[in-house]
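Down below is the structure, laid out as structure tokens.
We count residues from 1, following the sequence as given.
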Amino acid sequence: MLFLPTGLAAASDIRTEMPEEGCVAEYTCRRWHDVPGKRIVLLNLMPEKQVTERDIVRMLRGAETDIVLVPMKISGQTYKTTPQEHMQAFYTDFELLESETWDGLIVTGAPVEHLPFEKVRYWQQLCHIMDWAKTNVAATLYICWAAQAALYHHYHVAKHPLAEKKFGIFTFSAQTAHPLLRHFAPTLQMPTSRHTEVRSEDIASHPALSIISHSNEAGVGIVSSDEGHTIYITGHLEYARERLGFEYQRDVKKGLPIEPPQHYYTNDGGNEICFSWRDDALRFYHNWINHILIPHTMDAEKTNKQFDAAMHTCRDIFVKKLHDYGAAWRIMRPESVTDQIYIKANRIRGLQIKGHAEVDEDTTDDFRAIVNYSIVGLIQLELGYGEDSDITPEQATTLYDKYAAETLALMKRKNHDYDEAWRAMRISSYTDLILMKVFRTKQIEDLQGKTLISEGIGANYQDMLNYSVFALIKLSEQQ
């Protein structure tokens with residue numbers, strides 16, 4: 001089911017136009033929280049907003065999961081071809097959505113190719129949104145000009161003017177090993193309508209970027225980064241059947257230099273359209289939702305809940321020990337904290353190698369101890385060690401929560417970059433990595449913190465904490 005704001009014309013239009021394909025329902029405007037489903041923000045930069053709304057709705061409506069589409073606008077803008085009342089009724093300012101996390105973001109093209117990016121009136125606001133998407137959105141799709149803008153902003157990939165408009169339906173290769181292009185033939189058909197291009201050689205200079213679709217006629221088609229979390233598509237798979245014909249007639253009436261769209265009409269007279277991209281378009285958006293957006297959001301939600309559960313148990317132990325012993329650990333110098341972590345990690349490794357224990361085979365408590373000693377180490381780095389228990393349990397708990405939150409944020413960023421790779425690792429690997437971090441920390445301590453290129457002691461404590469939590473999650477799953 002695809003949920004749209006109540007009264008958005010696209011809902012009734014699509015129901016009438018294509019009643020057999022998917023279901024469309026409505027939610028009260030700005031009450032998207034009341035609707036269950038994957039939440040996708042649409043930043044619609046196209047001039048005729050209602051047309052693009054129908055195009056995107058047509059692509060999303062066949063999803064096999066519930067989708068809540070939330071139209072978003074850049075605040076302070078005025079519109080020439082869309083009534084201001086429409087924008088006020090159905091679009092929400094970015095600032096009202098910024099504090100939340102979202103499953104998906106779609107950013108459309110815009111008719112501003114003739115301008116340098118920095119000259120676009122909303123460029124700074126768009127840059128802020130693109131940066132925000134890196135940490136607050138699980139899967140982002142940039143279309144046409146927006147794809148060029150994002151590649152330029154994040155990777156300094158330039159756009160280049162074309163001698164004449166690239167206009168028509170072109171055949172692109174499909175790297176079918178990529179989840180986005182799963183179940184495609186070796187090629188796909190894609191509408192293209194642009195005056196500028198990004199070039200393969202510029203993209204190839206960035207290891208983080210991967211070209212997964214290319215055309216001998218039309219150049220770069222689709223680029224992937226962040227393990228598929230971010231997709232840049234230079235064409236318009238969402239276009240309706242008649243759209244290129246409309247653009248052609250519009251430009252003719254304006255007296256602009258334009259040739260009929262290539263490979264679009266089936267006859268020389270130019271009145272029979274070959275809707276060759278329809279199936280590819282629906283398959284593309286199906287894959288984006290089912291093989292990019294849903295797996296990433298499910299993993300993120302699951303990991304966050306499991307991380308919170310593991311940290312809650314560690315915190316409970318920390319608070320109870322504060323009650324029994326106070327903050328006696330305040331006298332420990334950071335080197336002593338590191339050695340305590342070493343003792344725990346070395347015991348875990350020994351048990352893993354021997355396969356049994358004489359006293360207690362469960363390593364869960366040792367991993368929890370590493371979590372808590374890592375946070376103690378971070379506190380000691382901030383405050384310096386004391387001569388006695390010089391802070392109250394309440395102060396100690398506040399500091400604990402501070403560093404737990406910082407480490408959770410670090411985990412989320414790394415999971416975004418490495419795509420939950422830790423789930424494929426074994427608990428023994430976490431143990432070895434913790435010990436490696438211990439030895440690195442000891443070396444840095446011996447150097448009195450004076451390193452050349454390495455991260456500091458605090459970063460190593462955070463890594464040891466995260467590896468321990470991953471181990472606790474794995475152990476809980478085994479149970």
Side-chain angles (χ1 to χ4, degrees), residues 10 38-60 67-77 79 82 87 90-98 100-113 115 117-118 120-155 157 159 180 190-194 196 198 209 220-226 228-239 281 284-285 288-289 292-293 296-297 416:
K38 299 300 178 185
R39 303 189 304 160
I40 298 178
V41 180
L42 171 64
L43 179 55
N44 186 356
L45 302 177
M46 292 289 276
E48 297 168 314
K49 309 295 183 189
Q50 295 98 323
V51 172
T52 303
E53 290 160 10
R54 287 193 292 272
D55 289 343
I56 297 299
V57 166
R58 192 182 300 108
M59 294 297 100
L60 299 181
I67 298 290
V68 184
L69 188 66
V70 180
M72 178 175 78
K73 61 185 173 73
I74 296 175
S75 59
Q77 301 300 308
Y79 307 92
T82 301
M87 302 302 296
F90 301 112
Y91 284 69
T92 301
D93 284 342
F94 165 70
E95 288 76 10
L96 298 178
L97 309 177
E98 184 177 7
E100 302 184 37
T101 56
W102 297 83
D103 299 312
L105 167 66
I106 299 174
V107 185
T108 73
V112 290
E113 286 182 278
L115 294 174
F117 291 115
E118 292 83 359
V120 175
R121 67 176 183 274
Y122 48 79
W123 177 246
Q124 292 303 320
Q125 291 163 291
L126 180 59
C127 288
H128 178 59
I129 292 172
M130 292 189 290
D131 290 336
W132 166 83
K134 282 282 189 180
T135 55
N136 286 64
V137 179
T140 301
L141 174 62
Y142 293 106
I143 300 172
C144 200
W145 178 84
Q148 295 182 348
L151 289 168
Y152 176 76
H153 175 60
H154 290 304
Y155 300 100
V157 173
K159 66 175 180 179
L180 185 69
M190 183 160 62
T192 301
S193 178
R194 49 183 166 79
T196 57
V198 290
L209 298 174
V220 176
I222 305 172
V223 178
S224 172
S225 70
D226 304 323
H229 286 270
T230 308
I231 299 295
Y232 316 81
I233 178 169
T234 65
H236 287 281
L237 279 172
E238 80 283 0
Y239 267 9
F284 174 90
Y285 279 88
W288 184 67
I289 292 170
I292 301 295
L293 185 147
H296 289 163
T297 55
H416 178 276

Spacing of Asp226 atom CG and Ile292 atom CD1 [to the nearest 0.5 Å]: 11.0 Å
Within 45° cone and under 6.0 Å: Lys159 NZ/CZ vs Phe117 ring: yes
N/O donor to acceptor pairs below 3.5 angstrom from side-chain atoms of residues 103-110, sequence neighbours left out:
residue : atom : partner : partner atom : Å
Asp103  : OD2  : Arg39   : N            : 2.8
Thr108  : OG1  : Leu45   : N            : 2.7
Thr108  : OG1  : Met46   : N            : 3.3

Leu209 vs Leu151 side-chain heavy atoms within contact, under 4.5 Å: yes
Separation between CG of Leu293 and NE2 of His229, rounded to the nearest 0.5 Å: 10.5 Å
Glu238 side chain vs Asp55 backbone, donor-acceptor pair below 3.5 Å: no
Lys134/Asp131 ion pair, N-O < 4.0 Å: no
From CG (Leu180) to CZ (Phe284), nearest 0.5 Å: 4.5 Å
Residue pair Thr82 / Met87, side-chain heavy-atom distance below 4.5 Å: yes
Rounded distance (nearest 0.5 Å) linking atom OG1 of Thr234 with atom CE of Met190: 4.5 Å
Residues Phe94, Gln125; criterion side chain to side chain contact (heavy atoms under 4.5 Å, CB included); working and verdict: CA-CA 9 Å; Phe94 165 70; Gln125 291 163 291; over 6 Å; no
Straight-line distance of Asn44 CG to Thr52 OG1, nearest 0.5 Å: 4.5 Å
Within-4.5 Å side-chain heavy-atom neighbours: Val41 and Thr92: no
Close side-chain approach of Glu53 to Phe90, heavy-atom, < 4.5 Å: no
Parallel, tilted or perpendicular: rings of Trp123 and Tyr152 (30°, 60°): tilted
Residue pair Arg54 / Gln50, side-chain heavy-atom distance below 4.5 Å: yes
Geometric class of the Tyr285/Trp288 ring pair [parallel <30°, tilted 30-60°, perpendicular >60°]: perpendicular
Beyond-backbone contact of Thr192 with His236, side-chain heavy atoms, under 4.5 angstrom: no
Pairwise distance OH(Tyr232) to NE2(His154) - rounded to 0.5 angstrom: 5.5 Å
Test item: Ile289 and Lys38 side chains (from C-beta on) under 4.5 Å apart, heavy atoms: no
Salt bridge (charged side-chain N to carboxylate O under 4.0 Å, His left out) pairs, two or more places apart, involving residues 40-52: Glu48-Arg243
